[in-house]
Amino acid sequence: MSIWTRIADAIAALRAGESLFAVFERLRTPPDRSVAFTIAVIALGAKMAKADGTVTRSEVAAFREVFHIPPQEEAHAARLFNMARTDIAGFEDYAAGIKRMFGDNDAPLCDLMEGLFHIAIADGNYHPGEDAFLSRVADIFGFDERRFARIRAQFVPDAARDPYDVLGVAPDADMDTIRAAWRAQVRETHPDRMLARGVPEEAVKLAEKRLVAINRAWEDIADLRR
């Protein structure tokens with residue numbers, strides 16, 4: 001059964017009156033976590049579209065870069081997007097429900113944030129409303145300012161890029177500590193790790209920018225320490 005078939009089943013439950021939060025409650029374990037991840041990106045992406053007031057073709061194209069949607073399943077994705085966009089529940093309610101779904105496992109939440117950033121900057125204009133939206137979502141997910149800044153720096157062209165922030169280490173950390181942090185992040189970015197935590201195979205490409213940022217930060221720090 002394909003991921004989009006399972007998403008279609010979730011949409012059927014929503015149309016029958018079940019809440020999105022109830023759907024998330026049923027999608028806590030593999031392989032349903034990948035369904036939950038996809039629905040979360042669509043749902044929060046729909047809410048984020050309200051932040052700058054428009055849904056551009058480039059944003060739609062950005063979503064298609066993350067998730068390959070077979071032509072016969074496009075109607076399901078569009079229906080879910082519109083249901084989330086017009087739902088009276090606010091994005092904070094959605095973010096809180098998604099946080100509860102993943103519990104203490106915040107790695108998928110980081111993957112999800114990267115997906116939202118990928119969509120937000122697709123039109124070449126990172127709107128202040130989008131920044132406020134993503135900052136609030138990150139806060140609900142339990143990310144501190146440093147972690148949010150690290151994700152933001154991977155995507156927003158004018159964002160400050162402190163290599164120590166990217167690796168999540170203190171500027172006065174020794175090289176062994178920094179090397180260990182770099183290697184740990186590279187491991188967490190491996191496709192097998194991402195698939196294991198529920199990121200759909202189609203969305204693993206989200207990690208490409210993260211891996212580039214991680215390796216660049218390590219190289220920058222190594223150069224500075226020389």
Side-chain angles (χ1 to χ4, degrees), residues 3 33-49 51-52 58-69 81 84 91 94-95 98-99 101-102 105-127 129-163 165-168 181-182 184-218:
I3 186 173
R33 274 197 306 236
S34 61
V35 178
F37 183 94
T38 306
I39 291 176
V41 173
I42 295 174
L44 281 179
K47 293 297 187 185
M48 186 172 64
D52 64 359
S58 53
E59 287 171 332
V60 174
F63 182 82
R64 290 178 180 278
E65 288 177 9
V66 177
F67 299 101
H68 172 67
I69 307 176
F81 184 92
F91 78 89
Y94 275 40
I98 292 164
K99 168 63 176 173
M101 177 179 64
F102 286 108
N105 183 13
D106 63 357
L109 298 176
C110 184
D111 299 323
L112 198 159
M113 285 294 300
E114 291 180 358
L116 293 175
F117 265 105
H118 181 76
I119 295 168
I121 67 165
D123 60 359
N125 178 30
Y126 186 58
H127 193 276
E130 292 171 325
D131 188 66
F133 175 96
L134 291 168
S135 177
R136 179 57 183 146
V137 170
D139 183 56
I140 294 171
F141 284 176
F143 296 176
D144 59 22
E145 291 184 8
R146 186 176 190 180
R147 190 171 188 185
F148 176 71
R150 186 174 72 210
I151 299 172
R152 186 180 187 273
Q154 294 172 210
F155 293 89
V156 182
D158 62 347
R161 287 171 172 78
D162 185 320
D165 281 346
V166 172
L167 296 183
W182 166 60
Q185 289 207 34
V186 169
R187 284 195 301 273
E188 286 302 308
T189 308
H190 191 279
D192 289 345
R193 289 287 186 100
M194 296 183 70
L195 292 171
R197 60 180 178 255
V199 178
E201 186 175 352
E202 300 94 330
V204 168
K205 65 179 67 178
L206 284 174
E208 292 175 358
K209 288 188 177 182
R210 185 196 311 172
L211 188 58
V212 169
I214 291 168
N215 286 330
R216 182 184 298 148
W218 165 250

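The first residue in the sequence is number 1, and the count goes up from there.
- For V166, the side-chain contact (heavy atoms from CB on, under 4.5 Å) partners are R150, A213, A217, not counting sequence neighbours.
- Between F155 and H118, the angle of the ring planes goes over 60°, which puts this pair in the perpendicular group of the 30/60° scheme.
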> What do the steps show when you test W218 against Q185 for side-chain contact (heavy atoms from CB on, under 4.5 Å), and what is the final call?
Replying inline: CA-CA 11 Å; W218 165 250; Q185 289 207 34; over 6 Å; no
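- E145 pairs by the salt bridge (charged side-chain N to carboxylate O under 4.0 Å, His left out) definition with nothing, not counting sequence neighbours.
- Scanning for side-chain contact (heavy atoms from CB on, under 4.5 Å) contacts around R146 gives D144, Y164, D165, with sequence neighbours left out.
- Atom CD1 of I121 sits about 12.5 Å away from atom CG of D131, to the nearest 0.5 Å.
- Put simply, CE on M113 and CZ on F148 are 5.5 Å apart, with the number rounded to the nearest 0.5 Å.
- Shortest non-hydrogen contact noted between R210 and E114 is NE-OE2, 2.7 Å.
- The side-chain hydrogen bond (donor to acceptor under 3.5 Å, both in side chains) test applied to D106 returns R147, not counting sequence neighbours.
- To the nearest 0.5 Å, atom CG of residue L134 and atom CZ of residue F143 are 11.5 Å apart.
- With sequence neighbours excluded, the residues satisfying side-chain contact (heavy atoms from CB on, under 4.5 Å) with A184 are R187.
- One distance of note links CD1 of I140 with CG of L109; it measures 11.5 Å at 0.5 Å rounding.
- In this structure, the side chains of F91 and M48 stay at 4.5 Å or more apart for every pair of heavy atoms.
- Between F141 and A95, the closest heavy-atom pair is CE2-O, 3.5 Å.
- Summarising the geometry, atom CG belonging to L44 is positioned 4.0 Å from atom CD1 belonging to I98; distances are rounded to the nearest 0.5 Å.
- For the atom pair K47 NZ and Y94 OH, the distance stands at 4.5 Å (nearest 0.5 Å).
- Evaluation of the side-chain contact (heavy atoms from CB on, under 4.5 Å) rule for V186 yields W182, L211, I214, N215 as partners, not counting sequence neighbours.
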